[in-house]
Student: 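What follows is a structure written as structure tokens; I'll ask about it next.
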Amino acid sequence: MKILGIESSHDDTSFAVLENSKIIFHKKISQTKIHQKFGGTIPEIASREHTISMRILFQQLEKEINIFSLDAIAYTAKPGLIGPLQIGYLFAKGLSDALEKPLYPIDHLEGHIFSVALDQKILYPALALVISGGHSQFYFCENPCKFTLVSETLDDAVGEIYDKIGRKLGFDFPAGKIIDHLAKNSKKNYHKNLFATPKTKNPLDFSFSGIKTQALNLINKLSQKNLLNKEKFCKNFQDFISKYIEKKIFLAAKIYQPKSIVIAGGVSANFAIRNLKNKFSIPVLLPNLKFTTDNGAMIAKTLEIKLKKKCKL
Ligand code: KG4
Ligand code: ZN
């Protein structure tokens with residue numbers, strides 16, 4: 001079975017072909033550099049860029065793969081930026097009609113969860129945490145066909161506050177990777193807990209905007225006193241965030257008793273988050289680093305699994 005996966009929900013255009021679980025084509029065009037000067041993604045520009053990138057990727061696809069041998073086309077249907085999602089849909093629909101091959105809509109967040117299945121086995125029931133620039137949420141995955149949203153962020157997403165705090169520190173967008181790098185390499189921190197833990201009515205929900213405000217105020221205060229050391233600050237921030245997330249996973253695992261824990265999405269590339277792997281007695285599955293950010297392979301993989309398990313699509 002040969003499946004084409006198309007991803008265009010945010011600022012990455014990506015095509016991947018999966019043939020019997022093996023990735024035989026995987027290409028991505030990222031718009032990060034284009035949006036960098038605005039400090040965030042501009043949806044209108046993103047839509048236009050996707051239109052250009054789809055054509056380039058399709059030309060490469062045609063060169064490397066016999067497109068008539070495709071069995072199905074999967075595309076990201078939601079959630080994401082409306083314009084970019086629409087471009088992806090129209091492209092996928094046009095191709096599906098032209099090739100007379102079935103077209104399937106895929107949920108982007110389920111895609112992130114199944115990104116770990118590209119090279120690992122998810123044990124069910126699983127608990128999945130999706131952490132990205134737009135989402136921070138837990139799912140209880142009873143089986144590959146039944147994912148239930150358990151909790152989510154009440155305000156900002158974790159990647160979003162990494163980006164906003166990074167901006168304040170003078171780093172380019174998206175700043176998650178830069179903060180992570182500084183935190184990882186910093187031998188020192190401020191030797192005290194700088195942050196207060198937010199309270200949520202549902203203890204499994206997240207709240208990141210209060211942490212963001214505390215961080216921005218702290219940066220101001222430390223700068224005024226000439227005491228701001230970016231490495232130390234990033235280390236304090238990252239230690240706090242990973243501990244906050246660890247406690248939430250621990251509690252969710254206690255309640256849901258999963259056989260495995262999946263951590264996926266852009267922020268699953270984070271060093272401290274990846275280190276949580278060793279803190280649990282059940283398998284903690286993380287995507288290969290090249291599949292933490294948005295990609296077509298996870299979209300194709302989601303369809304492959306759902307077709308194999310005869311899930312309703
Ligand atoms: O899933 P993703 O590629 O895009 C969507 O949000 O849909 O996630 C991007 C987010 C950005 O906020 C970026 O700063 C964050 O993931 N990120 C990281 C790291 N790498 C990417 N955050 C913390 N540590 C990282 N190493
Ligand atoms: Zn994503």
Side-chain angles (χ1 to χ4, degrees), residues 5-14 16 28-33 35-36 38-41 43 46 50 75-82 84-85 88 106-116 128-137 139 152-153 156-169 171-186 206 208-209 211-212 215 234-235 237-245 262-277 286-299 301-302:
I6 299 179
E7 161 61 36
S8 71
S9 65
H10 188 205
D11 60 351
D12 290 310
T13 322
S14 176
K28 170 152 128 168
I29 299 178
S30 168
Q31 305 173 11
T32 306
K33 288 259 171 317
H35 299 288
Q36 223 160 39
F38 304 106
T41 309
H50 280 299
Y75 72 97
T76 297
K78 66 173 178 48
L81 299 172
I82 305 289
L85 285 173
I106 298 294
D107 182 288
H108 180 75
L109 300 171
E110 290 192 4
H112 272 302
I113 296 170
F114 283 120
S115 68
V116 306
L129 173 66
V130 181
I131 36 178
S132 71
H135 298 89
S136 306
Q137 45 196 216
Y139 284 87
E152 59 192 331
T153 178
D156 294 349
V158 59
E160 192 179 349
I161 74 160
Y162 262 90
D163 296 338
K164 298 224 169 101
I165 292 165
R167 190 177 185 179
K168 178 84 178 168
L169 291 170
F171 306 147
D172 278 343
F173 172 83
K177 207 173 166 179
I178 306 165
I179 293 183
D180 182 18
H181 182 75
L182 291 185
K184 189 169 82 179
N185 293 310
S186 176
F206 292 96
F208 288 105
S209 84
I211 305 172
K212 175 188 67 187
C234 290
K235 174 125 183 73
F237 171 69
Q238 180 139 307
D239 286 351
F240 179 80
I241 291 288
S242 61
K243 197 78 206 164
Y244 178 59
I245 290 177
V262 173
I263 308 178
V267 184
S268 69
N270 185 273
F271 176 74
I273 298 291
R274 293 186 89 78
N275 269 345
L276 296 181
K277 206 174 167 66
L286 292 144
N288 181 308
L289 275 177
K290 60 173 187 269
F291 299 117
T292 54
T293 46
D294 298 345
N295 64 82
M298 69 186 196
I299 302 304
K301 186 71 196 175
T302 303

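One-based numbering, in listed order, for ligands and for the atoms of each.
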Student: Which bit of D294 gets closer than 4.0 Å to ligand 1, counting heavy atoms only: side chain, backbone, both or neither?
Tutor: both
Student: Counting both backbone and side chain atoms, is some N or O of D180 under 3.5 Å from an N or O of ligand 1?
Tutor: yes
Student: At under 4.0 Å between heavy atoms, is it the side chain or the backbone of V267 that contacts ligand 1, or both, or neither?
Tutor: both
Student: Below 4.0 angstrom from a heavy atom of G159, which ligand 1 atoms are there? Numbered from 1 as shown, please.
Tutor: 12 (O)
Student: Hey, is NZ on K78 packed in by over 12 heavy atoms from elsewhere, all under 6.0 Å?
Tutor: no
Student: Below 4.0 angstrom from a heavy atom of P174, which ligand 1 atoms are there? Numbered from 1 as shown, please.
Tutor: 13 (C), 14 (O)
Student: Would you mind running through ligand 1 and noting each atom that sits below 4.0 Å from a heavy atom of G134?
Tutor: 6 (O)
Student: With heavy-atom distances below 4.0 Å as the criterion, list the atoms of ligand 1 near K177.
Tutor: 19 (C), 25 (C), 26 (N)
Student: Can you tell me if H181 contacts ligand 1 (heavy atom of the residue under 4.0 Å from the ligand)?
Tutor: no
Student: Determine whether F114 and M298 make a side-chain contact, defined as any pair of heavy atoms from C-beta on separated by less than 4.5 Å.
Tutor: no
Student: Could you check D239 against K235 for salt bridge (charged side-chain N to carboxylate O under 4.0 Å, His left out), going step by step and ending with a plain yes or no?
Tutor: CA-CA 6 Å; D239 286 351; K235 174 125 183 73; 3.3 Å; yes
Student: Output the list of atoms in ligand 1 that are nearer than 4.0 Å to some heavy atom of A269, sorted by atom number.
Tutor: 26 (N)
Student: Ignoring angles and geometry beyond distance, decide whether G133 reaches within less than 3.5 Å of ligand 1 through its nitrogen or oxygen atoms.
Tutor: yes
Student: Of the choices K164, E7, H108, H10, which has the non-hydrogen atom that lies closest to atom 5 (C) of ligand 1?
Tutor: H10
Student: Answer yes or no for H108: is there an N/O/S atom below the 2.8 Å cut-off from the Zn ion (ligand 2)?
Tutor: yes
Student: Taking distance alone, with N or O pairs closer than 3.5 Å, would you say D163 contacts ligand 1?
Tutor: yes
Student: Determine the minimum heavy-atom distance between C234 and F171, stating which atoms define it.
Tutor: SG-CE1, 4.4 Å
Student: Among all protein heavy atoms in this structure, tell me which lies nearest to atom 20 (N) of ligand 1, with the distance rounded to 0.1 Å.
Tutor: G266 O, 3.6 Å
Student: How about Y162 and F237: are their ring centres within less than 6.0 Å of each other?
Tutor: yes
Student: Tell me the closest heavy-atom pair linking A183 and Q238, and the distance in Å.
Tutor: CB-CB, 3.7 Å
Student: Are F173 and F38 close enough, and set up right, to give a ring-ring contact (aromatic ring centres under 6.0 Å, His included), and what steps lead you there?
Tutor: CA-CA 9 Å; F173 172 83; F38 304 106; over 10 Å; no
Student: Could you check whether any side-chain heavy atom of V116 comes within less than 4.5 Å of a side-chain heavy atom of L286, counting everything from C-beta outward?
Tutor: no
Student: In D294, which N, O or S atom comes closest to the Zn ion (ligand 2)?
Tutor: OD1
Student: Quick one, T153 and Q137 - any side-chain contact, counting heavy atoms below 4.5 Å?
Tutor: no
Student: Which ligand 1 atoms does G176 reach within 4.0 Å, using its non-hydrogen atoms?
Tutor: 14 (O), 18 (C), 19 (C), 22 (N), 23 (C), 24 (N), 25 (C)
Student: Confirm or rule out an N/O/S atom of H10, from backbone or side chain, lying less than 2.8 Å from the Zn ion (ligand 2).
Tutor: no
Student: Evaluate T293 for polar contact with ligand 1, using N/O atom pairs at a separation under 3.5 Å.
Tutor: no
Student: Determine whether the side chain, the backbone, both or neither of H112 has a heavy atom under 4.0 Å from any heavy atom of ligand 1.
Tutor: side chain
